[in-house]
Undergrad: 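Quick one: this structure, given as structure tokens, is what I'll be asking you about.
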Protein chains: 2
Amino acid sequence: MVKAIQQLRDAGIHPTAQRVAVAERLRTMEGHPTADEVLHAVRQTYPTISRATVYNALALFADHGVVHKRTLREGTTVYDLRSEPHHHMIDEETGVIHDVPWDALHVVGVDELTDFDVLEYQVVIRGRLHRS
Amino acid sequence: MVKAIQQLRDAGIHPTAQRVAVAERLRTMEGHPTADEVLHAVRQTYPTISRATVYNALALFADHGVVHKRTLREGTTVYDLRSEPHHHMIDEETGVIHDVPWDALHVVGVDELTDFDVLEYQVVIRGRLHRS
DNA sequence: GTCGTATTTAGACGCTATCTAAACATGGAC
DNA sequence: GTCCATGTTTAGATAGCGTCTAAATACGAC
């Protein structure tokens, strides 16, 4: 609770009760939830919160770097809870998104791209997770 | 016309009039059109074609490798008309998707990923195109 | 030509996300 | 503390993209 409030303040976000509830819940979630998954999770502790508020909160968090908005799944936007850069692997069978550590891959040639300013980049892999 | 029919046959797709019309139109399109953009383009030459038919045709084409379905833009799926592999740069301001030649970047370490089978990968860059 | 299958069609439906207008809360000035 | 201006939340309406459905149509094999 205190941590979540501090996290929002540090990011320059006014910590309302609803936003704190969302931030709190995000800390306990894993993977790459959609906005609706966050909405339903938050409603377990804050049943009256509205859809628009959760969507607004997530958009605000993304603007302030608390989470990252990602276009990785078809039909819906997912929120990436990890702040450190990393790559992604999307399982073709299940659609599940897995993180790939930043250091596992190295992209050569980004600095030589002169046509545009690179703000961010990542490798997106489509594949299949090994059953092990 | 003949070329489009041949392209579909080569891919193992039964070339109906509607599918040929879609394939024909795709050959004249540039960039990364959405299904609805393809629909409206095709209707210029085939005004009675239905939405479902264009969506079905594109899904079929994607299944047979004629085009690639890509999740790069928020809220909608785009179809990639180029068959050779390449990377993508998404302009943060305009949302326009640009192709980056495969040879412009080199990803090191993909072969060493042992947790999963890699079917395909690409670098996705977010940035800003230089005005020049 | 006849039959069975594949395809197309218009419209209904579902889902994700945004917008709207009203209600509500909050922080600062006094 | 009270007042006001501003920021926030809310429920429901709305919009956009995509899929589904059932009926009509076209097609290939025989």
Side-chain angles (χ1 to χ4, degrees), chain A residues 4-5 8-9 11-25 31-43 45-64 66-80 95 97, chain B residues 4-5 8-9 11-26 31-64 66-80 95 97:
Chain A
I5 293 174
L8 295 185
R9 276 201 220 283
I13 297 170
H14 186 97
T16 65
Q18 288 89 342
R19 287 171 188 165
V20 172
V22 174
E24 271 287 289
R25 216 41 160 118
H32 304 77
T34 66
D36 255 49
E37 283 164 2
V38 176
L39 168 63
H40 290 116
V42 173
R43 280 200 171 151
T45 54
Y46 197 137
T48 61
I49 201 167
S50 80
R51 175 193 307 275
T53 298
V54 173
Y55 275 74
N56 286 342
L58 288 171
L60 196 66
F61 293 1
D63 282 348
H64 289 75
V66 176
V67 296
H68 285 270
K69 220 172 170 174
R70 300 259 176 233
T71 308
L72 291 170
R73 259 178 56 184
E74 213 175 315
T76 188
T77 299
V78 300
Y79 290 87
D80 200 329
I97 300 163
Chain B
I5 293 175
L8 296 185
R9 275 202 220 284
I13 298 170
H14 185 97
T16 66
Q18 289 88 340
R19 287 170 187 168
V20 172
V22 174
E24 272 285 290
R25 216 40 159 117
L26 283 179
H32 305 78
T34 65
D36 255 49
E37 284 165 358
V38 175
L39 169 64
H40 291 117
V42 172
R43 279 199 172 153
Q44 293 182 352
T45 55
Y46 198 136
T48 60
I49 201 168
S50 80
R51 174 194 309 273
T53 299
V54 172
Y55 275 73
N56 285 341
L58 287 171
L60 195 67
F61 293 1
D63 282 347
H64 289 75
V66 176
V67 295
H68 286 270
K69 222 173 171 175
R70 299 258 176 234
T71 308
L72 291 170
R73 260 176 58 182
E74 213 177 314
T76 186
T77 299
V78 300
Y79 289 88
D80 201 330
I97 300 164

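Sequence lines set the chain letters: A, B, ... in the order given, protein chains first and strands last, and positions in each chain run from 1. Keep in mind that what you see is a predicted model, and the values were worked out from it rather than measured.
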Undergrad: State, with a plain yes or no, whether a side-chain heavy atom of A:I49 is found less than 4.5 Å away from one of A:V22.
TA: yes
Undergrad: Just how far, in rounded Å, is C1' of D:dC17 from CZ of B:R73?
TA: 11 Å
Undergrad: Please work out if B:R19 contacts a base, only the sugar-phosphate, or nothing of the nucleic acid, heavy-atom cut-off 4.0 Å.
TA: sugar-phosphate
Undergrad: Rounded to whole Å, how long is the line connecting atom CG of A:N56 with atom C1' of C:dT18?
TA: 9 Å
Undergrad: Using a heavy-atom cut-off of under 4.0 Å over every strand shown, decide if B:T53 touches base, sugar-phosphate, or nothing.
TA: base
Undergrad: Select base, sugar-phosphate, or nothing to describe what A:T34 touches, counting heavy atoms under 4.0 Å on all strands.
TA: nothing
Undergrad: Nearest-nucleotide wise, let me know which of A:V78 and B:V54 is further upstream toward the 5' end of DNA chain C.
TA: B:V54
Undergrad: Hey, which sits more toward the 5' end of DNA chain C by its nearest nucleotide, B:E74 or B:I49?
TA: B:I49
Undergrad: Counting side-chain heavy atoms from C-beta on, which of C:dT9, C:dA17, D:dG18 comes nearest to A:T76?
TA: C:dA17
Undergrad: Taking CG from B:L39 and P from C:dG11, how many angstroms apart are they, rounded to a whole number?
TA: 14 Å
Undergrad: Rounding to an integer number of Å, can you tell me how far B:R51 CZ sits from D:dC17 P?
TA: 9 Å
Undergrad: Taking A:D80's backbone N and O only, do any of them form a donor-acceptor pair with A:R70's side chain (distance below 3.5 Å, no angle check)?
TA: no
Undergrad: On DNA chain D, does the nearest nucleotide to B:T77 precede the nearest nucleotide to A:T48 from the 5' side, or the other way round? Give the residue.
TA: A:T48
Undergrad: Let's see if you can work this out: which of D:dT19, C:dT18, C:dT26 has an atom nearest to the side-chain heavy atoms of A:H14?
TA: C:dT26
Undergrad: Rounding to a whole Å, what distance do you find between A:D36:CG and C:dG14:P?
TA: 16 Å
Undergrad: What integer distance in Å separates B:Y55:OH from D:dC20:P?
TA: 13 Å
Undergrad: From CD of A:Q18 over to P of C:dA25, roughly how many Å is that when rounded to an integer?
TA: 10 Å
Undergrad: Using a 3.5 Å distance criterion without hydrogens, assess whether the side chain of B:R19 forms a donor-acceptor pair with backbone atoms of B:H14.
TA: yes
Undergrad: If we check side chain to side chain contact (heavy atoms under 4.5 Å, CB included) with B:L60, which of these qualifies: B:V66, B:L8, B:I13?
TA: B:I13
Undergrad: Rounded off to whole Å, could you give me the CG-to-C1' distance for the B:L58 and D:dG18 pair?
TA: 12 Å
Undergrad: Does B:T16 place a side-chain N or O at less than 4.0 Å from the phosphate oxygens OP1/OP2 of D:dC27?
TA: no
Undergrad: Using side-chain heavy atoms (C-beta onward) and a distance below 4.5 Å, is B:Y55 in contact with B:V38?
TA: no
